[in-house]
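One structure is given below, encoded as structure tokens.
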Amino acid sequence: MTTNHRLFFYCNFLLPKKEWLIALLVMLFSTYTVSAQQANTVSGKITSEKDGMPLPGVNILVKGSSASASTGFDGEYSINAKPTDVLVFSYVGYETKEVTISNRKQINYALKDDTNNKLNEVVVIGYGTQKKADLTGSVSVVKVADAKKTITYDVAKMLQGQAAGVTVQSSGEPGGFVNIKIRGISSFNNTNPLFVVDGMMVDSPNDFSTGEIESMQVLKDASSAAIYGVRGANGVIIITTKKGKAGQVSISYKNLFGVQNVARKWDVTNREQYQKIVTAAEQNYMDTTGIMIGIAPANDPTNPGYINNVDTDWQDAAFKTGTIQNHSLTINGGAESLSYNVNIDYFKNTGYVESPQDYERYTTTLNFNGKKGKFKYGGKLGYTQSDKENFTENLNSVIGSLATAIPTMPVYDSNRLGGYGGTTNSGQRAISLNVIGYNNVMDNTTERNRFIGDIWGEYEFIDGLKFKTDVSFDRTDWHNHIYNPPSDLGWRYIVNPENATLNIELGNTTRTFFNNFLTYEKTINKHKFDVLAGWIQEKNDFYKNWSRGTGYETGEISQIQNATTIVGGEWASTITTLSYITRLNYSYADKYLIQ
């Protein structure tokens, strides 16, 4: 479990110079004063502006605090708050309202009905858009502003706590995996949902900058995701990124810096407690021949090998302060004929475990779109380069290995190959992994390069009848390098030169789509319908080349040609699919729907 402490700095180059200087001075020379204020009881009644009826269950929150209350059946409430506090009134189907108390002891308010506005919101669905009021399937619209409060490298992780029925699990390491389940486990294989970014189906969105996101929708049930066929069996997450807007060119820069610390640690034994417990166990244990094994020399005060000068708290030794930084430059502008949005993003996250573990990513994206008469067009170009120092686990997880590491094993030992401590069979008589040493001795890195491209055009033949063609390309190249050099981390964790290994994996995946859609929308009196028909051609190419070298002398350069024994191989595959899709939506008087 980690806690994030963030320092946020945001600049907009459209600000006049005077406002810039004022904002900078405020941030650099702000002083804070604290004054004690008496909290008073504020009461009142909340009603509906439409008919004046009391509203039961209205949520009242003191902004910026955890203090809250709710109205009773008569619409009345009571809450303790300071004169300078702001009350936030919220109720399903009504506009949220903020009211400053200003020394008042009674505040009555009539909330405005917001149902029509909410239902008229347009949400993105499979290959199109639809009013929220016309939805028959289960679709969750994510509040992107709230989702962006989660500082993360992965777009998928932003969904944590943002949509009902969506479970997000991550490894916690910088650049680590993120698993998403929508409404539980729906497959024995891959349970992650399908991601669709600006109309492009992608396997994972972790190479996209989170600052680019404009909207997110989650299609959770079979009816809403049916248009994607078997690909949508685990649900679909539709992501729309920021597009260019006609008008004045704007340049904005965002900088974020934060730290990560482990908030709570497990209570484990110190050296004396550990030796006492193990001694008691050993005094009551005999081997298969019926002979008592006796006390381990490292735990016996009467033995010359007794250890009393090492008392390692492995959690204190391993956990450190991790850092997060993100720099983002955005340029937006253009005209109706051609508008653009350019984003250059840098993200780096160092781990909070004592190891080389970190994740660094550079992302550049260009979105463009335009319109000339009845013809619309647009596209997306993106390139991401990332480097990741992976955390290496051995049987147990990091936390599990730290919790079970014995306190009589030192972190460092200059007498051992590699310079890190370990246990002995003749001394501690315990198999315990030095997690810090293991991850600093190992060299486990991943390099990724990803390029995406998409271009589309749409022509409206007559009012409501449109044809759209779309071509997209998504290629990822990766290089994995895992080197386990000669080292001595104690009993059962000794790597001799003849057993030192290097594993190298080079590969790429290429995914191309060619989509063609014909849509027709028409409204006749109270009858409204839209029809979609199209075909999708997809091609997936996969290639992997792997090599394994065994046998490296101490200090040898970790290159495959320096190994005593070398084996390798390669594998390639190509899969093509052709899909046909249709959809019909019909509504009568916005009350009766067929989809």
Side-chain angles (χ1 to χ4, degrees), residues 121-130 132 135-171 175-187 189-243 343 363 365 367 380 382 384 450 452 454 470 472 474 476 509 511 513 515 536 538 540 579 581 583:
E121 288 180 5
V122 176
V123 298
V124 179
I125 59 173
Y127 305 110
T129 59
Q130 199 169 13
K132 185 180 288 188
L135 292 175
T136 58
S138 179
V139 179
S140 290
V141 180
V142 177
K143 294 183 179 180
V144 176
D146 292 339
K148 287 184 178 180
K149 293 178 182 178
T150 300
I151 308 304
T152 178
Y153 58 91
D154 198 325
V155 173
K157 199 172 180 181
M158 294 171 59
L159 290 169
Q160 193 163 13
Q162 301 300 322
V166 179
T167 304
V168 180
Q169 179 189 14
S170 65
S171 65
F177 72 87
V178 176
N179 282 338
I180 297 181
K181 297 181 180 66
I182 297 178
R183 292 188 170 180
I185 299 175
S186 55
S187 171
N189 298 313
N190 181 20
T191 61
N192 277 342
L194 171 68
F195 290 90
V196 180
V197 180
D198 292 332
M200 298 174 55
M201 286 186 279
V202 298
D203 292 325
S204 63
N206 59 310
D207 292 311
F208 296 92
S209 168
T210 57
E212 286 188 85
I213 307 304
E214 187 169 67
S215 69
M216 299 176 72
Q217 284 81 30
V218 182
L219 313 185
K220 297 188 287 188
D221 65 353
S223 62
S224 60
I227 194 72
Y228 293 102
V230 69
R231 298 186 188 94
N234 297 324
V236 181
I237 297 175
I238 299 178
I239 299 171
T240 304
T241 60
K242 295 178 180 178
K243 303 296 188 296
N343 179 261
T363 304
T365 306
N367 285 331
K380 182 184 187 74
T384 299
R450 186 173 186 177
I452 59 171
D454 178 51
D470 186 345
S472 63
D474 183 0
T476 301
T509 59
R511 196 175 191 182
F513 285 94
N515 306 331
I536 301 170
E538 178 184 0
N540 287 281
S579 307
I581 62 173
R583 179 174 62 205

Review item, side-chain donor-acceptor pairs of residues 154-162, under 3.5 Å, at least two apart:
{"unit_1": "Asp154", "atom_1": "OD1", "unit_2": "Ala156", "atom_2": "N", "d": "2.8"}
{"unit_1": "Lys157", "atom_1": "NZ", "unit_2": "Ser170", "atom_2": "OG", "d": "3.4"}

Looking only at heavy atoms, what is the nearest atom pair of Ser215 and Val144, with distance?
CA-CG2, 3.6 Å

Any side-chain heavy-atom pair of Val142 and Ile237 under 4.5 Å:
no

Going by the rule side chain to side chain donor-acceptor pair (under 3.5 Å), which residues pair with Ser204 if we only count those two or more places apart in sequence or in a different chain?
Asn206

Qualifying residues under side chain to side chain donor-acceptor pair (under 3.5 Å), relative to Thr365, sequence neighbours excluded:
Glu212

Can you tell me if Thr384 uses its side chain to pair, donor with acceptor, with the backbone of Asp207 under 3.5 Å?
yes

Check whether any side-chain heavy atom of Thr241 lies under 4.5 Å from a side-chain heavy atom of Val197, and answer yes or no.
yes

Side-chain touch Met200/Ile452, heavy atoms, less than 4.5 angstrom
yes

Close side-chain approach of Asn234 to Leu194, heavy-atom, < 4.5 Å:
no

Distance, nearest 0.5 Å, that separates CG of Asn515 from CE of Met201
6.5 Å

Are any of the side-chain heavy atoms of Leu219 and Ile227 separated by less than 4.5 Å?
no

What pairs with Asp474 under salt bridge (charged side-chain N to carboxylate O under 4.0 Å, His left out), at least two apart in sequence or on another chain?
Arg450

Just how far is it from atom CG of Asn367 to atom NZ of Lys242, taken to the nearest 0.5 Å?
11.0 Å

Sequence neighbours left out, what passes side chain to side chain donor-acceptor pair (under 3.5 Å) with Ser472? Give chain and number order.
none

Under 3.5 Å: donor-acceptor pair, side chain of Asn192, backbone of Asn179
no

How would you list, by chain and number, every residue that makes a salt bridge (charged side-chain N to carboxylate O under 4.0 Å, His left out) with Lys243, sequence neighbours excluded?
Asp198

Decide yes or no for Ile238 and Tyr228: does some side-chain heavy atom of the first lie under 4.5 Å from some side-chain heavy atom of the second?
yes

Residues forming a side chain to side chain donor-acceptor pair (under 3.5 Å) with Asn540, sequence neighbours excluded:
Arg511, Glu538

What's the separation between atom CE in Met216 and atom OG1 in Thr240, rounded to the nearest 0.5 Å?
10.0 Å

Suppose we screen for ring-ring contact (aromatic ring centres under 6.0 Å, His included). Which residues come up paired with Phe208, at least two apart in sequence or across chains?
none

Side-chain heavy atoms of Val168 within contact of Val178, under 4.5 Å
yes

What is the minimum heavy-atom distance between Ile182 and Gly235, and which atoms define it?
CD1-CA, 4.0 Å

